[in-house]
Participant: 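This is the structure I want to talk about, given as C-alpha cells.
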There are 2 protein chains.
Amino acid sequence: MATYQSDDGWNALGDPTRRAIVACLAERPRAVGELADELPISRPAVSQHLKVLKEAGLVTDHATGTRRVYRLNPAGVAALRDQLDTFWSRALDNYRDVAEQPAESANESPNEEFQ
Amino acid sequence: MATYQSDDGWNALGDPTRRAIVACLAERPRAVGELADELPISRPAVSQHLKVLKEAGLVTDHATGTRRVYRLNPAGVAALRDQLDTFWSRALDNYRDVAEQPAESANESPNEEFQ
DNA sequence: ACGAACGGTAAGCTACGACTTACCGAGCAC
DNA sequence: GTGCTCGGTAAGTCGTAGCTTACCGTTCGT
C-alpha cells in the first residue's frame, strides 16, 4: 500500500495551480467548494486537480455528507522530499571526488567522462 | 546567489525527461552530448531542457573547450526540499490542532470533518 | 416526497510545451 | 589557414494538459 509513484508526484506538483491547492491544504483541510472559492478557476477544474493529487498520493479525501473534505497527505510529501534528499546527497558524494579537480582537465586523454 | 525561484524549480522537475537528466547528473557531471547519448531524444532537445534546468537553478554549466559540462546544483535541489519540508511540517502542525479540536470556525457542524 | 447544495464526469476548445530538422558560431587538431 | 566536433538557437509540427460549460448522481433539509 501507499507505494506512491513518485513520478506522479512530481508531475502533480509541476502545475502551479496544484501547488496552490497543496499550499491551501497545508493550512487546513478544505472542501472542494472552499478551494474553488479561493482559486481563480472553476470548481470542476479544482476537482480534476484534486484527482491528480489524490492519484499521486499527495492528498486524501473524506466524505462528510454532501461535502468532500481533502487534506494533505504528509507521507506523500515526505516521499518526494526523500527523493530530493537522495539526489542531493548522491550529488554531493559523487562530486566530492571531482570537486577539487580543477580541471577540466580534460586531460587531453581521449577518455574522460568527468568535468 | 541562490535566489532561485522555486516555482521554476517545480516546473522544471515536472517533466520526466528533465528528471532523467537530473538523475543522470546526480551520478556525475556530463556534457550535453553525453546526456543526449543516454536519452531517447535529440541533442537540441537536451539543450533546451538544460536551459530550463539552469534557469531554475538546478544545474550549473561550465565550458571546457568546445564541450560544455553540466552538473547538478545541490543548492537548487536543497531549496526545493526545504519547501517540501515546510509543507510537510506545516501540515503536521496545523492538522494536529484540528485533529483534537473538531470545531471549525466557518462551519459549526460539530462532527467529524476530519479523518 | 421535492428541491437545493455539493461534487464528480463528459465533451470540447485552446494554448503551451516538448520534440524535430536546419542552421549558426565557437574552439581545437591538423 | 581548413575542417571537424560540440552545442546553442530558430522555425515549425504535434500532442496533451488545463480550462470551460453542461450534465448527472448523491445527500441533506424541509
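Just so it is clear: chains get the letters A, B, ... in the order the sequence lines come, proteins before strands, and each one is counted from 1. Everything quoted here is computed from the prediction, not taken from an experiment.
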Participant: Given atom CG of B/Leu35 and atom P of C/dC19, what is their separation to the nearest angstrom?
Facilitator: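 That distance rounds to 13 Å.
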Participant: Any base atoms under 4.0 Å from B/Arg43, or only sugar-phosphate, or nothing? Heavy atoms, all strands.
Facilitator: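 Since a base atom lies under 4.0 Å of B/Arg43, the category is base.
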Participant: Is there a side-chain contact between A/Leu13 and A/Arg18, using heavy atoms and a 4.5 Å cut-off?
Facilitator: no
Participant: Is the shortest side-chain N/O distance from B/Tyr70 to OP1 or OP2 of D/dG8 below 4.0 Å?
Facilitator: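 So the side-chain polar atoms of B/Tyr70 do come within 4.0 Å of the phosphate oxygens OP1 or OP2 of D/dG8, strictly under.
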Participant: Taking atom C1' of C/dG7 as reference, at what distance in whole Å does atom CG of A/Leu50 sit?
Facilitator: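 Rounded to whole Å, this separation is 10 Å.
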Participant: Between D/dT20 and A/Ser42, is there an OP1 or OP2 to side-chain N/O distance shorter than 4.0 Å?
Facilitator: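 Checking D/dT20 against A/Ser42, a side-chain N or O does come within under 4.0 Å of OP1 or OP2.
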Participant: The side chain of B/Ser47 is closest to which nucleotide in this list: D/dG7, D/dA11, D/dA22?
Facilitator: D/dG7
Participant: Of all the nucleotides listed (D/dC19, D/dG7, D/dA10), which has the minimum atom distance to the side chain of B/Arg67?
Facilitator: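 So the nucleotide nearest the side chain must be D/dG7.
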Participant: Which pair of non-hydrogen atoms, one from B/Cys24 and one from B/Glu38, has the smallest distance, and what is that distance?
Facilitator: SG-OE1, 3.6 Å
Participant: Nearest of C/dA18, C/dT21, D/dG18 to any side-chain atom of B/Arg18?
Facilitator: C/dA18
Participant: So that I can tick it off, tell me whether A/Glu34 and A/Arg67 are bridged by a salt bridge, with the cut-off set at under 4.0 angstrom between side-chain N and carboxylate O.
Facilitator: yes
Participant: In the single-linkage hydrophobic clustering (I, L, V, M, F, W, Y; side-chain heavy atoms under 4.5 Å), do B/Trp10 and B/Val52 co-cluster?
Facilitator: no
Participant: Tell me which nucleotide among D/dT9, C/dT9, D/dG8 gets nearest to the side chain of B/Arg68.
Facilitator: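 Taking heavy atoms from C-beta onward, the closest nucleotide is D/dG8.
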Participant: Atom NZ of B/Lys54 to atom C1' of D/dG7: distance rounded to whole Å?
Facilitator: 12 Å
Participant: Can you measure A/Ile21 atom CD1 to D/dC19 atom C1' for me and round it to whole angstrom units?
Facilitator: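 My rounded result for the distance is 13 Å.
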Participant: Return the nearest nucleotide to the side chain of A/Lys51; candidates are C/dA18, C/dT21, C/dT9.
Facilitator: C/dT9
Participant: Given C/dT20, C/dA18, D/dC19, identify the nucleotide with an atom nearest to the side chain of A/Ile41.
Facilitator: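 The answer is D/dC19, which lies nearest to the side chain.
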Participant: Figure out the CD/P separation between A/Gln48 and C/dG12, and round it to whole Å.
Facilitator: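 After rounding, the reported distance stands at 15 Å.
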Participant: Starting at CG of B/Asp8 and ending at C1' of C/dG17, how long is that distance when rounded to a whole Å?
Facilitator: 15 Å
Participant: Identify, between A/Gly65 and A/Ala45, the residue whose nearest nucleotide on DNA chain D lies closer to the 5' end.
Facilitator: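 Nearer the 5' end of the strand: A/Ala45.
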Participant: Using heavy atoms to find the nearest nucleotide of DNA chain D for A/His49 and A/Thr66 separately, return the residue whose nucleotide is more 5′.
Facilitator: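 So the residue in question is A/His49.
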